[in-house]
Amino acid sequence: MSEIEQSAAETGKTREYVLKKTVVMVGMMGAGKTAVGRALAQLLGVSFLDSDHEIEAAANMTVPEIFARDGEPFFRAREAEVINRLLQGPPCVLSTGGGAFLAPQNRATISHHGLAVWLNADIELLWNRVKHRDTRPLLRTADPKATLTSLYNDRVPEYAKADVTVPCAPPVSIDKMALRVADALLSRPDVLEKMDA
């Protein structure tokens, strides 16, 4: 039983939410956009979508393979198309790749059709989460930590433009982070309302 299910069982009631706009998870690789996004979708009772997964399914290739074969500009163009398409559907939780929110076109599309939530994690937490994975094409360098740090420093000012910022510190479980995001979203009644049972 997840912490979200356990919390509902202990209180004797289910938390009912009404999501009015798609919540778009943005932030660095390793911030937890997919894991927390999936738990948030479960909590809110809506679908979870992942833009990288959608791109991979359409191309029948992994993101690293697309980067290797077609380059980053090609990938970013497909990413923008997919994000735009997914934002046209019913409200859901959408996880995006770490570079997606950097493009002004994507930020404008997200702002118009949804709400951006920045999972703000510090560099040490991010490094601890990504250093043992080889699925990050941008970290295939001689000094991946230095590359990650450089990306972090370049990207944080862009992520700070998100509608809502949720700190990842102190680190908590995925379910607790989902609850943290939901609580932050409740400050935006145009996006999320809670209906007590």
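S111 OG to K21 NZ: the interatomic distance, rounded to the nearest 0.5 Å, is 7.5 Å. Rounded to the nearest 0.5 angstrom, L185 CG and L19 CG are separated by 7.5 Å. How far CZ of R76 is from CG of N106: 9.0 Å, rounded to the nearest 0.5 Å. With rounding to the nearest 0.5 Å, the separation of NZ in K33 from CG in D52 is 8.0 Å. Atom CG of L94 sits about 11.5 Å away from atom OG of S47, to the nearest 0.5 Å. The distance from atom CE of M25 to atom OG1 of T34, rounded to the nearest 0.5 Å, is 9.0 Å.
A donor-acceptor contact shorter than 3.5 Å links the side chain of Q88 to the backbone of N84. Without hydrogens or angle criteria, R155 side chain to G27 main chain gives no donor-acceptor distance under 3.5 Å. Side-chain atoms of N153 come within 3.5 Å of backbone N or O of T149 as a donor-acceptor pair.
Q105 approaches A80 most closely through the heavy-atom pair NE2-CB, 4.0 Å. Taking all atoms of both residues into account, the shortest heavy-atom contact from L126 to M29 is CD2-O, 3.3 Å. Among all heavy-atom pairs drawn from V130 and G30, the shortest one is CG1-CA, 3.8 Å. Across every non-hydrogen atom of N120 and Y152, the tightest pair is OD1-OH, 4.4 Å. Residues D175 and A39 come closest through the heavy atom pair OD1-CB, 3.7 Å. Of all the heavy atoms in A182 and Y17, the pair that sits closest is CB-OH, 4.4 Å.
Taking 4.0 Å as the cut-off between side-chain N and carboxylate O, R85 and E81 do not count as a salt-bridged pair. By the 4.0 Å N-to-carboxylate-O rule, E124 lies close enough to K145 to be salt-bridged with it.
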Step-by-step salt bridge (charged side-chain N to carboxylate O under 4.0 Å, His left out) determination, R69 to E65: CA-CA 6 Å; R69 189 188 78 177; E65 287 170 344; over 6 Å; no
Side chain to side chain contact (heavy atoms under 4.5 Å, CB included) between S95 and F48, intermediate numbers included: CA-CA 8 Å; S95 174; F48 171 76; 3.7 Å; yes
Pair E79-I83, side chain to side chain contact (heavy atoms under 4.5 Å, CB included): steps then yes or no: CA-CA 6 Å; E79 181 176 59; I83 288 170; 3.9 Å; yes
Evaluation steps, side chain to side chain contact (heavy atoms under 4.5 Å, CB included), between K194 and E16: CA-CA 6 Å; K194 183 178 170 189; E16 296 270 338; over 6 Å; no
Side chain to side chain contact (heavy atoms under 4.5 Å, CB included) assessment of K20 paired with V191: CA-CA 5 Å; K20 301 174 183 178; V191 177; 5.7 Å; no
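Not counting sequence neighbours, the partners of S150 by the side-chain contact (heavy atoms from CB on, under 4.5 Å) test are D154. Among residues two or more places apart in sequence or in another chain, the ring-ring contact (aromatic ring centres under 6.0 Å, His included) test is passed with F75 by F67. With sequence neighbours excluded, no residue forms a side chain to side chain donor-acceptor pair (under 3.5 Å) with T96. Applying the side-chain contact (heavy atoms from CB on, under 4.5 Å) rule to C168 yields the partners L119, A121, L125, M177; only residues at least two apart in sequence or on another chain are considered. For V164, the side-chain contact (heavy atoms from CB on, under 4.5 Å) partners are L115, V117, V166, A184, R188, not counting sequence neighbours.
Applying the side chain to side chain donor-acceptor pair (under 3.5 Å) test to residues at least two apart or on different chains, the pairs with a partner in residues 156-167 are R107-E158, E158-K161.
For the pair H113 and V24, the minimum side-chain heavy-atom distance is 4.5 Å or more. L192 is not listed as a side-chain neighbour of V18, based on a closest heavy-atom distance of 4.5 Å or more. When side chains are defined from C-beta on, I55 does not count as touching M61, because their heavy atoms never get closer than 4.5 Å. Proximity of V93 to L49: side-chain heavy atoms (C-beta onward) are nowhere separated by under 4.5 Å.
Sparse packing is recorded around CG of N60, with 12 or fewer heavy atoms of other residues, nucleotides or ligands lying under 6.0 Å away.
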